[in-house]
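In what follows, a single structure is set out as structure tokens and then discussed.
Since the model is a prediction, treat every value here as computed from it, not as a measurement. Note that ligands are numbered from 1 as they come in the structure, with each ligand's atoms numbered from 1 the same way.
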Amino acid sequence: MSDETTPATTIDPLDWDYAPSVESTPVDIPAEQGLWIGGEMVAPVSDAGFDSINPATEETLGVLAEADEADVDRAVGVARDAYDDVWGSMPGKERSKYLFRLARLLQERAREFAVLETLDGGKPIREARDFDLPMAAAHFFYYAGWADKLDYAFPGADPKPLGVAGQVIPWNFPMLMLAWKVAPALAAGNTVVLKPAETTSLTALEFARLSAEAGLPEGVLNVITGAGATGAALVTHDDVDKVAFTGSTAVGKRIQEAIAGTGKRVTLELGGKAAHIVFDDAPLDQAIEGVVNGIFFNQGHVCCAGSRLLVQESIHDVFVEKLKERLELLRVGNPLDKNTDIGAINSAAQLDRIKALVAEGETAGGERWQPACDLPEQGFWFPPTLFLGVAQSHRIAQEEIFGPVLSIMTFRTPEEAIEKANNTPYGLSAGVWTNKGSRILWMADRLEAGVVWANTYNQFDPASPFGGYKESGFGREGGRHGLLPYLGGVA
Ligand code: NAP
Ligand code: MG
């Protein structure tokens, strides 16, 4: 199943709904792809495969290899050899050169990677182009800068790599989650076996090829595609020293159980149900933009999405009216169109989950509102949705919907806002809109969330650590803190 031997399909984005605003950078996708192990594409032991599809058209983009336990064993073995023979003992200043090269190449090929990300995952090209890819490259640049400064990062400690990192990532930000995991792991001197999500593996495989272009020594980065069983085999493999997982809380719990007592280091970045809190003294038009971005960015497939709007009772009606007007302007459709605001739902399974929770929200007594919008006939789509009259006990106020659905509730006092915001098992993020600086600090002190945005939302920077409390997981990614999970000998 090596891609060297199979013809490549050229996807021409212009084929679908031609318009001047449709992204026109062509990408080559191999018809069949293997596993990236030891610096080359190899066939999986079992020869099993699965299709990767474009969720906006339901067209097959290519057949991917499904790695089983034997493949996982091989990838981990190769990563161990690369760690022992080359990477683990390479001086940081040398490792850093490879990371800079990866960052630069990714930057040079960002447009092509953005198109691939959009085709495979359904996100608007504007987001892939302006957010996912520049941020992914920025993470490699940032950690390249740390690779030769670990002693300065942790003065008085004796930072040492751990060995082989087994990393499992979700489908919502495929390249960015890869960068969050791979960049600090390699900077710290570990080697990597990465399993991307089943529905969005194409950019990880392309990045693997890019790593060869960058001259990264063979076996330092390995990418194995497959389903949940592949991820389970990877994280439980005896020779994996460090497990890094981003995904759902349910799977995170299963992983923690599976590796309990093994001595493996683990970090879990899990789900969220963020409160987005708007006070009556907030700049309302800006708050509307923040709330819209908070829930509709990437179709709401965002762990830190502001999926619960808590609006102060005195401005509820005017705020909801403005919000509805703004939603009427959102464009849902062709993800490759640069004017699209909301792209395709990532998979049929995710669409079913969104529909089921929305139906349940209505049954429970929530009032559903959606703007008039034509959805394409092919593909997986869901319109931007508001729920009014939501009670805290409703499932749509408690569970992660992971779709373009906002549950709206009210509060009267700051104390009540805090009580409602914290009334969830999650603790990943929150947003506060108010004109009073002292109130922002008061709120930030009391919100149980890894990140609190004030008068803005969804701001990220490689230098800024990100991670959760409670059932949103533990460990931090980004910043100097993001190195800690990949190092021994540090506090
Ligand atoms: P998921 O179902 O938990 O899957 C995540 C990854 O784990 C996928 O690669 C999946 O493979 C794999 N997997 C499934 N079962 C496994 C097992 N038993 N052992 C090891 N790996 C296994 O989550 P998802 O639906 O892809 O992603 C959405 C979730 O990710 C949401 O809950 C979201 O909040 C969370 N998320 C959190 C953050 C954060 O930083 N906190 C960031 C982004 C997303 P398959 O693809 O084959 O199922
Ligand atoms: Mg796909």
Side-chain angles (χ1 to χ4, degrees), residues 29 50-62 64 66-67 72 116-123 166-174 176-178 180-181 194-204 223-237 240 243-259 266-274 298 300-305 307 335 344-350 353 379-380 399-403 426-429 449-451 460 465-478 482:
I29 303 173
F50 62 96
D51 286 352
S52 192
I53 67 160
N54 177 346
T57 59
E58 297 177 60
E59 281 161 356
T60 299
L61 294 170
L64 305 185
E66 183 157 351
V72 169
L116 202 53
E117 197 79 307
T118 284
L119 285 170
D120 201 16
K123 69 173 66 211
Q167 307 182 322
V168 179
I169 55 174
W171 44 260
N172 54 348
F173 294 96
L176 188 56
M177 292 299 104
L178 177 151
W180 281 23
K181 300 251 174 309
L194 175 95
K195 193 206 87 74
E198 219 174 318
T199 56
T200 55
S201 298
L202 294 184
T203 45
V223 176
I224 53 170
T225 47
T230 309
L234 174 60
V235 298
T236 54
H237 191 287
V240 165
V243 171
F245 172 79
T246 296
S248 61
T249 296
V251 173
K253 285 181 180 175
R254 234 174 290 153
I255 289 176
Q256 217 180 354
E257 275 168 27
I259 63 173
V266 61
T267 38
L268 302 174
E269 300 276 0
L270 309 176
K273 190 73 187 173
N298 199 27
H301 303 327
V302 184
C303 51
C304 51
S307 52
I345 299 302
N346 183 264
S347 65
Q350 186 58 26
R353 182 175 157 75
F380 316 128
E399 286 183 32
E400 200 176 29
I401 301 175
F402 228 56
Y426 296 112
L428 192 57
S429 58
V451 56
F460 294 91
F466 183 89
Y469 289 100
K470 304 197 309 196
E471 292 198 10
S472 292
F474 48 81
R476 294 291 176 264
E477 292 186 312

Consider every N or O of [X] and every N or O of ligand 1, then say whether any pair is closer than 3.5 Å.
{"X": "Ser472", "answer": "no"}
{"X": "Phe402", "answer": "no"}
{"X": "Lys195", "answer": "yes"}

Side chain, backbone, both or neither: [X] near ligand 1, heavy atoms under 4.0 Å:
{"X": "His301", "value": "neither"}
{"X": "Thr246", "value": "both"}
{"X": "Leu428", "value": "side chain"}
{"X": "Leu270", "value": "backbone"}

Of all residues at least two apart in sequence or in a different chain, which pass the salt bridge (charged side-chain N to carboxylate O under 4.0 Å, His left out) check with Glu399?
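Partners of Glu399 by the salt bridge (charged side-chain N to carboxylate O under 4.0 Å, His left out) criterion, ordered by chain and then number, come out as Arg395.
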Taking salt bridge (charged side-chain N to carboxylate O under 4.0 Å, His left out) as the definition, give me every residue that meets it alongside Lys181, ordered by chain and number, with sequence neighbours left out.
Glu477
For the Mg ion (ligand 2), which protein N/O/S atoms fall under 2.8 Å? Skip waters.
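Protein N/O/S atoms under 2.8 Å of the Mg ion (ligand 2): Ile53 O, Asp120 O, Asp120 OD1, Thr199 O.
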Tell me whether the centres of the aromatic rings in Phe466 and Trp180 are closer together than 6.0 Å.
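Centroid separation for Phe466 and Trp180: below 6.0 Å.
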Which atom names give the shortest non-hydrogen contact between Pro55 and Asp120, and what distance separates them?
CD-O, 3.4 Å
Ala349: side chain to side chain contact (heavy atoms under 4.5 Å, CB included) partners, not counting sequence neighbours:
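Testing Ala349 for side chain to side chain contact (heavy atoms under 4.5 Å, CB included), a comparison that skips the adjacent residues, returns Ser347.
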Got a donor-acceptor contact below 3.5 angstrom from the His301 side chain to the Asn346 backbone?
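Side chain of His301 to backbone of Asn346, a donor-acceptor pair under 3.5 Å: yes, one is there.
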Gly226 backbone acceptor or donor facing Lys195 side chain under 3.5 Å
yes
For atom 2 (O) of ligand 1, closest protein heavy-atom neighbour
Ser248 OG, 3.9 Å
Answer yes or no for Pro196: is there a heavy-atom contact with ligand 1 below 4.0 Å?
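Pro196 counts as a contact of ligand 1 under the 4.0 Å cut-off.
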Would you please determine whether Phe173 falls within less than 4.0 Å of ligand 1 on a heavy-atom basis?
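No heavy atom of Phe173 comes that close to ligand 1.
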So if I count the atoms of ligand 1 from 1 in the order they appear, which ones are less than 4.0 Å from some heavy atom of Ile169?
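Listed by number with element, the hits are 6 (C), 8 (C), 9 (O).
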Any idea which atoms of ligand 1 are less than 4.0 Å away from a heavy-atom of Gly226?
47 (O)
Checking contacts now, so for atom 4 (O) of ligand 1, which I'm interested in, is there any protein heavy atom under 4.0 Å?
no
Above 12 or not: heavy atoms from other molecules or residues under 6.0 Å from CZ of Phe474?
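Yes, the 6.0 Å shell around CZ holds more than 12 heavy atoms from other groups.
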